[in-house]
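Residue numbers begin at 1 in each chain, while the letters A, B, ... track the order of the sequences. None of these values were measured; they are calculated from a predicted model.
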Number of protein chains: 2
Amino acid sequence: MKLTPVMEKFVLHWGEMGWRWGINRSVAQVHALLMLAPKPLPADEICESLNVARSNVSNSIKELQGWGLVRVVHVFGDRREHFETLKDVWEMFLIILRERKKREIDPTLQTLRECAAESAKDKNTGDHTTQRLNELIEFMELSSSWAEKAHALSPTAAKRLCSLGDKVFRLVG
Amino acid sequence: MKLTPVMEKFVLHWGEMGWRWGINRSVAQVHALLMLAPKPLPADEICESLNVARSNVSNSIKELQGWGLVRVVHVFGDRREHFETLKDVWEMFLIILRERKKREIDPTLQTLRECAAESAKDKNTGDHTTQRLNELIEFMELSSSWAEKAHALSPTAAKRLCSLGDKVFRLVG
DNA sequence: ATACTATTTCTGTAATTACAGAAATAACCA
DNA sequence: TGGTTATTTCTGTAATTACAGAAATAGTAT
């Protein structure tokens with residue numbers, strides 16, 4: 001499938017943005033392509049569209065599956081696997097939120113707790129350091145609990161909550 | 001300054017985490033060190049603590065200043081510049097939020113709008129694609145408006161809002 | 001089974017990024 | 001002014017990452 005200029009533009013931009021958030025460029029590009037595609041695509045069409053090697057697509061897809069963002073679809077009369085991404089942007093957002101919590105926030109919280117515990121004992125580590133670690137723990141715990149609550153929402157509820165912006169901020173403003 | 005094992009552990013972990021979010025490892029490590037340090041540090045002490053080259057520290061500091069996370073402090077009887085990071089975790093969080101919005105969300109929104117406009121005209125680009133772009137725009141616009149509102153909060157208000165988790169989620173749950 | 005196609009894994013290379021050390025510049029002092 | 005120290009910028013190299021193509025594996029059909 002030859003990409004239209006619009007699709008190409010989007011794919012490039014999405015690749016760049018993913019990149020800035022620590023996602024491999026090709027991975028993000030494959031994701032972008034699947035978002036725009038009207039139907040599931042087989043790997044070789046992805047290669048062709050993005051001008052990358054077959055192996056690259058294979059690995060990118062695997063990575064996206066690891067995130068839970070892409071799944072396999074089978075098409076009648078075609079032995080090849082076809083791939084699609086989730087249709088709902090909000091659902092994707094919640095999935096990414098959960099994954100990043102699991103991969104980054106949770107381990108950080110654990111490390112911080114270990115550090116704070118050791119730090120409190122260790123005479124060589126100053127009070128200031130211990131205090132700082134505790135502040136970070138408090139922050140991370142709150143983030144974590146938000147992420148958990150958010151993840152319990154349905155995609156539509158998440159959307160509704162975000163649309164309620166003003167009301168939410170009036171709670172403290 | 002020789003780091004204690006606890007500090008070392010934290011610095012390494014923070015470097016790793018920053019890395020996963022698209023921040024250079026050294027940059028994140030310098031930031032970590034400054035968070036733990038009880039007082040502003042001159043560049044050469046940072047070199048020594050982290051075992052990196054002077055030039056590396058110089059560039060990392062510049063990067064952190066670009067984010068608005070580090071500032072210069074002058075110390076009596078010392079010609080060298082000393083560096084400190086913000087003390088308030090919440091304030092740092094809000095700053096990072098604002099910066100990432102400016103650097104990533106805003107440009108993405110602009111590109112998406114351009115794509116959607118061209119896509120709507122272009123006969124070669126399918127309706128599905130246009131629709132998908134519009135969904136993304138809607139999502140990004142809501143994210144953007146949340147980020148703006150959040151940024152208008154004081155650090156303490158932000159903290160309060162996060163602590164209010166249950167109340168917030170009850171709005172839709 | 002064997003031929004054929006799809007898919008993954010492996011391997012080497014290209015490209016990028018990170019970073020140390022050198023050189024250059026700037027700031028300060030006497 | 002010249003000497004001294006702090007800081008930045010430049011340059012080459014080391015390390016990492018990205019990725020194409022080859023080889024290997026798995027799956028399907030006849």
Side-chain angles (χ1 to χ4, degrees), chain A residues 1 11-34 39-67 70-84 103, chain B residues 1 11-34 39-67 70-84 103:
Chain A
M1 184 176 57
V11 164
L12 288 174
H13 185 87
W14 202 251
E16 185 60 27
M17 284 304 117
W19 169 251
R20 298 219 194 168
W21 289 82
I23 306 294
N24 176 292
R25 221 177 237 112
S26 308
V27 172
Q29 286 184 359
V30 170
H31 182 230
L33 176 61
L34 291 178
K39 54 183 179 45
L41 299 178
D44 47 2
E45 270 194 48
I46 300 176
C47 297
E48 201 193 326
S49 302
L50 300 179
N51 281 300
V52 295
R54 186 50 235 267
S55 54
N56 193 356
V57 169
S58 176
N59 290 325
S60 297
I61 291 280
K62 213 166 57 173
E63 173 81 14
L64 287 165
Q65 286 177 318
W67 281 83
V70 160
R71 58 179 162 230
V72 175
V73 172
H74 285 284
V75 169
F76 264 126
D78 195 332
R79 277 168 52 192
R80 298 171 303 176
E81 295 189 304
H82 291 58
F83 302 97
E84 65 176 9
R103 297 176 189 203
Chain B
M1 184 175 57
V11 164
L12 288 174
H13 185 87
W14 202 251
E16 186 57 29
M17 285 304 116
W19 169 250
R20 298 220 195 165
W21 290 82
I23 307 294
N24 176 292
R25 222 177 236 113
S26 309
V27 172
Q29 286 185 359
V30 170
H31 182 229
L33 176 62
L34 291 178
K39 54 183 177 45
L41 299 178
D44 47 2
E45 270 194 48
I46 299 177
C47 297
E48 201 193 328
S49 301
L50 300 179
N51 280 300
V52 295
R54 187 48 235 269
S55 53
N56 194 355
V57 170
S58 177
N59 290 326
S60 297
I61 290 278
K62 213 167 57 175
E63 173 81 13
L64 287 165
Q65 286 177 316
W67 282 82
V70 160
R71 59 180 161 229
V72 175
V73 173
H74 285 283
V75 170
F76 265 127
D78 194 334
R79 274 169 55 193
R80 298 172 304 177
E81 295 188 306
H82 291 58
F83 302 97
E84 65 176 9
R103 297 177 190 202

Does the Asn51(B) side chain pair with the main chain of Cys47(B), one donor and one acceptor, at a distance under 3.5 Å?
no
Could you tell me if Arg103(B) sits above the aromatic ring of Trp67(B), with its cationic atom closer than 6.0 Å to the ring centre and no more than 45 degrees from the axis?
yes
5′-ward residue of the pair Ala53(A)/Arg79(B) relative to DNA chain D:
Arg79(B)
To check you understand the geometry: which heavy-atom pair defines the closest contact between Ile46(A) and Leu41(A), and what is its length?
CG1-CB, 4.0 Å
Pick the closest DNA chain D nucleotide for Val52(A) and for His82(B) by heavy atoms, then say which residue is nearer the 5' end.
His82(B)
Taking Ser49(A) for its side chain and Glu45(A) for its backbone only, find out whether a donor-acceptor pair lies under 3.5 Å.
yes
Could you tell me how far apart Asp78(B) (CG) and dA27(C) (C1') are, to the nearest whole angstrom?
14 Å
Contact boundaries of DNA chain D with chain B (under 4.0 Å, heavy atoms), 5' to 3'?
dT5(D) to dT17(D)
Scan residues 56-64 of chain A against DNA chain D and write down, sorted by residue number, each residue with any heavy atom closer than 4.0 Å; if none is found, say none.
Asn56(A)
Would you mind classifying the nucleic acid contact of Asp44(A) as base, sugar-phosphate or nothing, using non-hydrogen atoms under 4.0 angstrom?
nothing
Could you check whether any side-chain N or O of Asn56(A) sits under 3.5 Å from a backbone N or O of Val52(A), counting only pairs where one atom can act as donor and the other as acceptor?
no
Would you mind reading off the distance between Glu81(B) atom CD and dC28(C) atom P, rounded to a whole angstrom?
9 Å
Closest non-hydrogen contact found for His74(A) with Glu81(A) is CE1-CG, 3.9 Å
Using a 3.5 Å distance criterion without hydrogens, assess whether the side chain of Ser60(B) forms a donor-acceptor pair with backbone atoms of Val30(B).
no
Any salt bridge between Arg80(A) and Asp44(A), counting N to O under 4.0 Å?
yes
Round to the nearest Å and state the distance from Arg54(A) atom CZ to dA6(C) atom C1'.
7 Å
